[in-house]
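Labels below follow one simple rule: chain letters A, B, ... track the order of the sequence lines, proteins then strands, and each chain is numbered from 1. Quick caveat, the model's predicted, so the values are computed rather than measured.
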Amino acid sequence: MPEIPKAYEPQLVEEKWGQYWQEHQCFVADPRSSKPPYSIVIPPPNVTGVLTLGHVLNNTIQDILARLARMKGFEVLWLPGTDHAGIATQAVVERSLREEGLMKHREDLGREKFLEKVWAWKEKHGGIIIQQLKKLGASCDWTRERFTMDPEYSRCVQRVFVELYNKGLIYRGKRMVNWDPAARTALSDEEVEMVEEQGKLWHFKYPLIGEDGFVVVATTRPETMLGDEAVAVHPQDPRYAALRGKQVMLPIVNKPIPVIVDELVDPKFGTGCVKVTPAHDPADYEMAQRHHLPLTVVIGPGGAMTAAAGAGFEGMDRMRARKAVVEQLETMGLVPKIDPHVHRVGYSERTRVPIEPYLSEQWFLRYPAAAQAVSAVETGQIRFHPERWSKTYLHWMANIRDWCISRQLWWGHRVPVWNKDGETRCQIESPGEGWQQDSDVLDTWFSSWLWPFATMGWPEHTATLERFYPTADLVTGPDIIFFWVARMIMAGFEFMGREPFRNVYFTGIIRDKQGRKMSKSLRNSPDPLDLIASYGADALRFGVMRSAPLGQDVLYDEQQVELGRNFCNKLWNACRFRQLQAGETQSEIDPRLLSIDDRWILLRLDAAIRDMDATLADYKFSDAAATLHGFFWSEYCDWYVEAAKAVLQGTNAARRANTLAVIDFVLSHTVRMFHPFLPFITEELWQGMGYAKDMPAEQGGRTIMFAPWPKPLDDDFKTHYGLFDETVELIAARQKLVTEIRNIRAQYKIPANKKLHLVYQAAEDIDAEEKRVIELLAGAEPIAHRASYTPAKGEPVIHPGVGGKLFVPLAGLVDAQAEKARLARELQKVEAEIQKVEAKLANPNFSGKAPPEVLQEHRQRLADWQAQRARLQASLADLE
RNA sequence: GCGCGGUUAGCUCAGUGGUAGAGCAUCACCUUGACACGGUGGGGGUCACAGGUUCAAUCCCUGUAUCGCGCACCA
């Protein structure tokens, strides 16, 4: 670091080391390495995606884990890649093609032409997010980047399909599925989001046939009445017992339909009479099957009414048809009541339009290895963090239903099924002339669920697969626990014979300050790239990690990123301070030359290292970040460095050099511990400060990436350097003394730039160096020692731990009244404390049952408070 | 309806069966030779509410309120 700017400037530094790591292949995993393996697969972002704060959180955690593992001596593979994201990508490309005027609907281009366009689009715009992840500092092995539509990957997907088909787990069936009318495809249950809405409950009168009167049905979907095939009542409902076997006339359509009886009807809801639309409601479909009712499809795949809905409605959008039906019925006087009604409507997670229950032929999968997937989590073979998510997982697994895996899209993996003359074959390659491939593609997740091993070369027994499967940790959001996590576990057992990962860390969801989810439409999602540009990637990482406790949602606030930037600057300047010190350097610390401050900071460093290990082992990244932040800022910078200046500004060259050695020791440890959180600045400091030179050169020269993770100081070290707990007490006592002096300074409004004149009254003077430290910390002139001293009336006095009295002469500043008031306030506080402790100790239950050490601690506390009370009273008496 | 999570300083959040913490914000003082992206000191909390267990509860248990999330075929 030849030129050291006062403020840390991240942009150039981050650029420089990002390139350095790439050039030196620091992220590349070697399956032939002798080190133990550690692996993570990235949750592949959509190939069309751009970096969001959610990605920042997720990938920073993965990067911390990966970098930590490297420093701990593991051979690390963090495998990156992107997902083809069927519907999302197809929708994006369709939109852009429409905007360019190249087509109105994809049918205009045809399947092949359209796919060419998608691939072209992918080549051009895809993978932006990969570049963005690099900016964030993600240490993925980019040489192994995968895409779920790579040719080899596609082969895995089809192979898996064929295998499951041959096992009889994949089948074709006509079912009522969730249909997305905008994308014109089926969706899985998991892709439907239930949204609570204020809707209406319309009551319709259906005239009875052959007698006067009506049956009143209640519905939230008037437009479906055009496809009604029955009216249903509950078998035990006495109100409608007489209706059994009767028929009603379906208005508008003018079709007689029967009244049926079915347990599924809830007599308490609405009128207790349900209109039954077999083709457009799952429950109605179920009833229709029991009662052999016909299926009349009145809503087509695009969400428009069909010919069967009647000439007046054909081609009309379902929402318009709703209004039209209600209007017609109203004119006919058949709408006695419209109630407001809160209900839940299924929306497509992709296109945000209401889902249509739709009867169609689809491919379904009966999940394999479900029992193993359940027991793996139950037994802890796979652990969830936080653990509570395992409950959600197990609940879903217990109610697991077959998975609709076919999609009526073009962008995706083709279903490897071939038809010819009514014959069907399931195989990867075409059976030959005249065979037509099934036109459906597979659900994106049907490729994602193979991610942990398909990316490693499966089904070949590659070195990578042998070495790095199963992976160690998976980091993902709880929102895809069913979509992805559960399915990966099942695929892992089915195809690899074992679990795909051992730990799953579920991040929280990043929300805005108001607690709302980040979303494009709300425009409340800041662009992480902007944040990196103005604060630096390290600052962004640190800010996000500080505020992301295990499993809790994160309310994002830019101030957190500022905190990160400020911290980087602090770290920078602390190192800058070290660089500015002239003089000889030595790498060995001489125990004979250590001050109590030196010993203290080494002990605190030891505590910080232990704390880091404990919190990181529990995936408590925000705690780890807070520990380091607190140690470095509040202990090292605020106390140690300030005290060390007493030696550094002194004349003893040997002591100076030794203190610098302690500083180097602490900094080199601290910088390493920060590296997983702040990769760029720590690399700059590691190499710039020269700490790298003592380390063996590895791949990538002497990068901090492979520097050893700090170990707690062992007993031999502590004995050698005389690190005992008494030191901590000594320093605590001095900190208390200094704080009291500073307090008095503030009380009397003595400007911070004015030095205090202190008088120490005791038989013996304080140790010279200790005195110098106190002077520095308190901002005082050399402390005068007096065997006897008569203070001015009301002169503030402090009682240092070593005995004697420390006076703060105020040269005319003393206001006896003010001082009296101050002392009285203090006294009041102390009295209150004494009362509390005394009351506790006086309670025989407490003294009888509390453990001895607690009792002892209370007695000590009481004695301390009493001593302070005596001092305060004495000072007050002096003022009388 | 069932399940899960939250409720602690103005804000965002840690935390522990035995003297309530951090960051930010706020107030006062300070540009002192690492850092104003800084230093020092201060103010601010009946730890949502009600019971219970305990010598002792912010922490454990039960219930209530409230906010959020997930699951569920009430049309």
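Between B/rC4 and A/Lys391, a contact under 4.0 Å exists linking OP1 or OP2 to a side-chain N or O. Between A/Arg861 and the phosphate of B/rU19, there is a side-chain N or O to OP1/OP2 separation shorter than 4.0 Å. Dashed line: the shortest gap from a side-chain N or O of A/His341 to OP1 or OP2 of B/rA75 is under 4.0 Å.
Under the 4.0 Å criterion applied to side-chain N and carboxylate O atoms, A/Arg221 and A/Glu223 are assigned as salt-bridge partners. A salt bridge between A/Arg734 and A/Asp597 is present, with a side-chain N of the basic residue lying under 4.0 Å from a carboxylate O of the acidic one. Salt bridge A/Arg604/A/Glu635: present, at least one basic N to carboxylate O contact under 4.0 Å. A/Lys200 and A/Asp339 are not joined by a salt bridge, as no carboxylate oxygen comes within less than 4.0 angstrom of a charged side-chain nitrogen.
Of all the residues in residues 223-231 of chain A, not one reaches under 4.0 Å from RNA chain B with any non-hydrogen atom. For residues 849-856 of chain A, proximity to RNA chain B is found at A/Lys849, A/Ala850, A/Pro851, A/Val854, defined as any non-hydrogen atom under 4.0 angstrom from a strand atom.
A distance of about 23 Å separates the P atoms of B/rG6 and B/rU46, rounded to the whole Å. Nucleotides B/rU31 and B/rA20, compared at atom C1', are 35 Å apart to the nearest Å. For the P atom pair drawn from B/rU58 and B/rU8, the interatomic distance equals 15 Å after rounding to whole Å. Comparing the same atom, P, in B/rC2 and in B/rC49 gives a spacing of 26 Å after rounding to whole Å. Atom P of B/rG21 sits at a distance of 14 Å from the matching atom of B/rA9, rounded to the whole Å. For the C1' atom pair drawn from B/rG45 and B/rU12, the interatomic distance equals 16 Å after rounding to whole Å. Rounded to the nearest Å, the gap between the C1' atom of B/rC4 and that of B/rC74 is 23 Å. Taking the C1' atom of each, B/rC59 and B/rU40 are spaced 34 Å apart, rounded to whole Å.
Between the P atom of B/rA56 and the CG atom of A/Asn843 lies a distance of 8 Å, rounded to the nearest Å. The distance from atom CD of A/Glu193 to atom P of B/rA72 is 13 Å, rounded to the nearest whole Å. One interatomic measurement links the two molecules: CZ of A/Phe482 to P of B/rA72, which rounds to 8 Å at whole-angstrom precision. The separation between A/Leu841 atom CG and B/rA56 atom P is 15 Å, rounded to whole Å. For the pair A/Lys620 NZ and B/rU16 P, the interatomic distance rounds to 7 Å; values are reported in whole Å. As rounded to whole Å, 14 Å separates atom C1' of B/rC74 from atom NZ of A/Lys275. A/Glu838 has its CD atom 18 Å from the C1' atom of B/rC55, to the nearest Å. Rounded to whole Å, atom P of B/rG38 lies 13 Å from atom CZ of A/Phe632.
Checked against the 6.0 Å centroid criterion, the rings of A/His395 and A/Phe482 do not qualify as a close aromatic pair. Checked against the 6.0 Å centroid criterion, the rings of A/Tyr285 and A/His280 do not qualify as a close aromatic pair. The ring of A/Phe674 has its center closer than 6.0 angstrom to the ring center of A/Phe567. Ring to ring, A/His385 and A/Phe506 are not that close: their centroids are 6.0 angstrom or more apart. Ring-centre distance between A/Tyr505 and A/Phe621: below the 6.0 Å cut-off.
Nucleic acid contact class of A/Val265 (heavy atoms, under 4.0 Å, all strands): base. Looking at heavy-atom distances under 4.0 Å, A/Arg745 makes no contact with the nucleic acid at all.
The number of heavy atoms from other shown groups lying within 6.0 Å of CZ (A/Arg401) does not exceed 12.
Qualifying side chain to side chain donor-acceptor pair (under 3.5 Å) partners for A/Asp262, counting only residues two or more places apart in sequence or in other chains: A/Arg290, A/His291.
Just one residue in the list A/Thr277, A/Thr296, A/Asp281, A/Val276 forms a side chain to side chain contact (heavy atoms under 4.5 Å, CB included) with A/Thr224, and that residue is A/Thr277.
Mapping A/Thr392 and A/Trp865 onto RNA chain B by nearest heavy atom places A/Trp865 closer to the 5' end of the strand. Looking at which nucleotide of RNA chain B each of A/Arg221 and A/Glu857 is closest to, the 5′-most match is held by A/Glu857.
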Expected rows: protein N/O vs nucleotides 41-47 of chain B N/O, under 3.5 Å:
unit_1	atom_1	unit_2	atom_2	d
B/rG42	OP1	A/Asn743	ND2	3.4

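No cation-pi contact links A/Arg546 to A/Trp633, judged by a cut-off of 6.0 Å to the six-membered ring centre and 45° from its axis. Note that A/Lys645 lies in the cation-pi zone of A/Phe577, set by a 6.0 Å cut-off to the ring centre and a 45° limit from the axis.
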- Each nucleotide of nucleotides 23-35 of chain B classed B (base within 4.0 Å of a protein heavy atom), S (only sugar-phosphate) or -, in 5' to 3' order, makes SS----SSS-BBB

- State the dot-bracket string of RNA chain B. Criteria: Watson-Crick or G-U wobble, both atom distances under 3.5 angstrom; notation: ( ) intrastrand, [ ] crossing earlier pairs, | interstrand, . unpaired. (((((((..((((....[..)))).(((((.......))))).....(((((..]....))))))))))))....

- Query: Step by step, would you call A/Phe631 with A/Val666 a side chain to side chain contact (heavy atoms under 4.5 Å, CB included)?
  - Reply: CA-CA 11 Å; A/Phe631 163 73; A/Val666 174; 4.0 Å; yes

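For A/Asp864 and A/Gln860, the side-chain atoms include at least one donor-acceptor pair closer than 3.5 Å. Of the N and O atoms on the side chains of A/Tyr8 and A/Asn573, not one donor lies less than 3.5 Å from an acceptor on the other residue.
In this pair, A/His341 and A/His343 present their aromatic rings tilted. The plane angle is within the 30 to 60° band.
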